[in-house]
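Just so you know, these numbers use all the heavy atoms, side chains as well, and skip hydrogens, waters and symmetry mates. Just so you know, residue 1 is the first one in the sequence shown, and it goes up from there.
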Amino acid sequence: MTNPHGIYYNTLKRGGGVNVRVFRTPCYFAESVYLLNAFVNHVSFEDEYRRIRQSYSRCLHPEDTKAAGKIEELARVAAQVTQGLNPEDERIRYYFERLSGTERKTGCCLAQVMLMAVPVDCSEIDDFAAQLLSDYRSMQVEGIKINDLNALGLVMERWDAPGEPEPLAAQLERLPCSMEAKWQILRALTDFEHHLRELTELIRPVAERLHGALEPIVAMNEENFAQWSQYFTCHTVDDFQNEMFDTSFLFAEENLPHEIWLGIWYFNLFAAWSEWMERPSGRVRLAYIGMCISFELSTKRKDRPDAETLCGMARVLGSKDKLEILRRCNQDPISAARLADAMNLNSGTVSRNLYGLFKLGYLDTKGDGERVNYVTRLDTMEQVFQWILEYVTDTR
């Protein structure tokens, strides 16, 4: 499917041509999901923007009039398109109420879980739903690998490990949510087509009302589109994520010329996410940017996090196995398989520990042409303990 609103920008990058294609038409399915999540859970866009700036900006500017105008317009549109809806409706709450056990860490709802991919070239909800179903069926053929549950939904991919795929129920056991939420997710995944059909019909009225209603906000975001379009003609999405989160992301094909599709999400203010997508013409990288993510926000966060975040970063180190992994990775870059053999642990345990350490930047990766090796980032460890010291000695 081709969206006539997609606009191309061309440049040269790393010895090959890179196309950046910008999609200005919103994905009404995804926008409706995040809008209804905010509606049911009484999320204030103003409070959410303040949280983002406090977490990811070097300084907070209360008089940011451009952002304030966008936030005000979002609130107006949200109220307009949800008029007459009952946030206590049983089916609406089933899909959009935050999954139990995720309130503090992820705040994710079941509808977000079902957005395992967001095809930015499908603006209409039926095309979008059809592509979601196609992607899910394709993933099922090889098996599904669930990595995490976060504020964007369920992080999963095709099973690429040797042997039979691990049962979904076993993978869901590791997710940071309640048992009730795990069963909700399992039911949605095992009967995906039924749940997707019901979800599509549930959001259809909202998606239809969004047509036209979002036009003023899209127009307000033209400057952001232009800035990010130019950025991605000379940076990869990996560069952006490294900048945003001050960590490292490994993509085996990062150095190959590829096409980037850029879309901006409106009702998910902080949508820094990317993924590969298979197209008939080859593979493309999708880049999703939250409406209020500006260049000022996309800077490495060196300011001290709050106490809860610090505790989470320190808690990751709270096991003998993880400390041993960091010690061995500091001595010499080492693969997950070699670590499992050396520590006499099963590969699943080692992989989970590596993922947790890597996600927070305690580990970096180095390829040797055949395998991925891990190496400890002492600078991250030093920074975390420096923040802890600053916190406990702060007399304010």
Side-chain angles (χ1 to χ4, degrees), residues 5 22-57 60-89 91-93 95-98 107-109 111-112 115 118 120 122-125 128 151-152 199-228 262-273 288-294 296-297:
H5 300 282
V22 179
F23 289 88
R24 283 171 166 75
T25 303
C27 295
Y28 292 105
F29 192 114
E31 296 295 354
S32 299
V33 166
Y34 287 105
L35 186 158
L36 286 170
N37 175 290
F39 172 67
V40 170
N41 296 290
H42 307 290
V43 174
S44 160
F45 295 117
E46 184 178 359
D47 290 345
E48 181 68 1
Y49 179 61
R50 186 180 297 112
R51 180 190 68 80
I52 292 168
R53 291 200 66 97
Q54 288 174 339
S55 297
Y56 293 94
S57 182
L60 185 64
H61 297 293
E63 302 303 322
D64 189 344
T65 54
K66 285 185 179 179
K70 291 179 183 179
I71 297 300
E72 183 178 336
E73 187 67 11
L74 276 182
R76 185 193 67 77
V77 170
Q80 173 186 331
V81 302
T82 57
Q83 187 175 6
L85 290 181
N86 178 11
E88 301 302 322
D89 178 88
R91 297 315 291 167
I92 291 180
R93 294 200 72 82
Y95 283 101
F96 297 102
E97 187 175 30
R98 288 180 173 174
C108 177
C109 68
Q112 286 172 253
L115 297 179
V118 181
V120 295
C122 298
S123 60
E124 300 306 319
I125 65 169
F128 190 99
L152 287 169
L199 177 61
T200 303
E201 293 310 311
L202 197 61
I203 69 173
R204 189 180 297 280
V206 172
E208 290 175 350
R209 292 176 189 174
L210 276 178
H211 275 272
L214 272 177
E215 287 181 5
I217 306 178
V218 175
M220 294 171 76
N221 235 42
E222 280 302 307
E223 183 180 349
N224 221 11
F225 266 122
Q227 288 180 326
W228 284 117
L262 168 65
I264 291 184
W265 283 358
Y266 294 90
F267 291 100
N268 183 344
L269 304 186
F270 184 71
W273 183 29
Y288 311 98
I289 307 297
M291 185 188 71
C292 290
I293 298 298
S294 65
E296 183 183 356
L297 291 178

Exercise. If you take all heavy atoms of R91 and L202, which pair is closest and at what distance?
Worked result: O-CD2, 3.7 Å
For this session: Could you please spell out the steps behind the side-chain contact (heavy atoms from CB on, under 4.5 Å) verdict for F96 and L35?
Result: CA-CA 10 Å; F96 297 102; L35 186 158; over 6 Å; no
Problem set entry | Distance-minimising heavy-atom pair for S123 and T25 | CB-CG2, 3.4 Å
Problem set entry | Approximate separation, where rounding is to 0.5 Å, of M291 CE and I52 CD1 | 9.0 Å
Exercise. Would you say Y288's side chain and V118's backbone share a donor-acceptor pair under 3.5 angstrom?
Worked result: yes
Exercise. Which atoms form the tightest heavy-atom contact between I125 and A207, and what is the distance?
Worked result: CG2-CB, 3.5 Å
Exercise. Got a donor-acceptor contact below 3.5 angstrom from the E97 side chain to the V40 backbone?
Worked result: no
Problem set entry | Electrostatic pair E48-R51, nearest N-O below 4.0 angstrom | yes
Problem set entry | Verdict with supporting geometry, F29 and L199, side-chain contact (heavy atoms from CB on, under 4.5 Å) | CA-CA 10 Å; F29 192 114; L199 177 61; 4.1 Å; yes
Problem set entry | Nearest-0.5 Å distance, CZ of residue R93 to CZ of residue R98 | 11.5 Å
Exercise. When rounded to the nearest 0.5 angstrom, what distance separates CG in L85 from CD1 in I203?
Worked result: 12.0 Å
For this session: Enter the distance from I71:CD1 to I217:CD1 here, rounded to the nearest 0.5 Å.
Result: 9.0 Å
For this session: Hey, could you give me the CH2/CD1 distance between W228 and I264, rounded to the nearest 0.5 Å?
Result: 9.0 Å
Problem set entry | Closest heavy-atom pair and its distance - N221, K70 | OD1-NZ, 2.7 Å
Seminar exercise, completed: d(F128 CZ, L115 CG) to nearest 0.5 Å is 5.5 Å
Problem set entry | Working for side-chain contact (heavy atoms from CB on, under 4.5 Å), residues S32 and V81 | CA-CA 10 Å; S32 299; V81 302; over 6 Å; no
Exercise. Just by distance, do the side chain of Y34 and the backbone of L152 share a donor-acceptor pair under 3.5 Å?
Worked result: yes
Exercise. With no hydrogens and no angle check, is any side-chain donor or acceptor of E31 less than 3.5 Å from a backbone partner on F267?
Worked result: yes
For this session: Could you give me the CA-CA distance, side-chain angles and deciding distance for L74 and Y49, then say whether side-chain contact (heavy atoms from CB on, under 4.5 Å) is met?
Result: CA-CA 12 Å; L74 276 182; Y49 179 61; over 6 Å; no
Exercise. Where do P26 and V218 come nearest, in terms of heavy atoms and distance?
Worked result: CG-CG2, 4.0 Å
Problem set entry | Any donor-acceptor pair under 3.5 Å from E222 side chain to A219 backbone | no
Exercise. Taking 4.0 angstrom as the limit, do R76 and E72 come out as a salt bridge?
Worked result: no
For this session: Mark yes or no for whether W265, through its side chain, and A30, through its backbone, hold a donor-acceptor pair below 3.5 Å.
Result: no
Exercise. Below 4.5 Å, heavy atoms only, C-beta onward: do N86 and I92 meet side chain to side chain?
Worked result: no
For this session: Would you confirm whether R24, through its side chain, and F225, through its main-chain N or O, come within 3.5 Å as a donor-acceptor pair?
Result: no
For this session: Please report the shortest heavy-atom distance between T82 and A78, naming the atom on each side.
Result: OG1-O, 2.6 Å
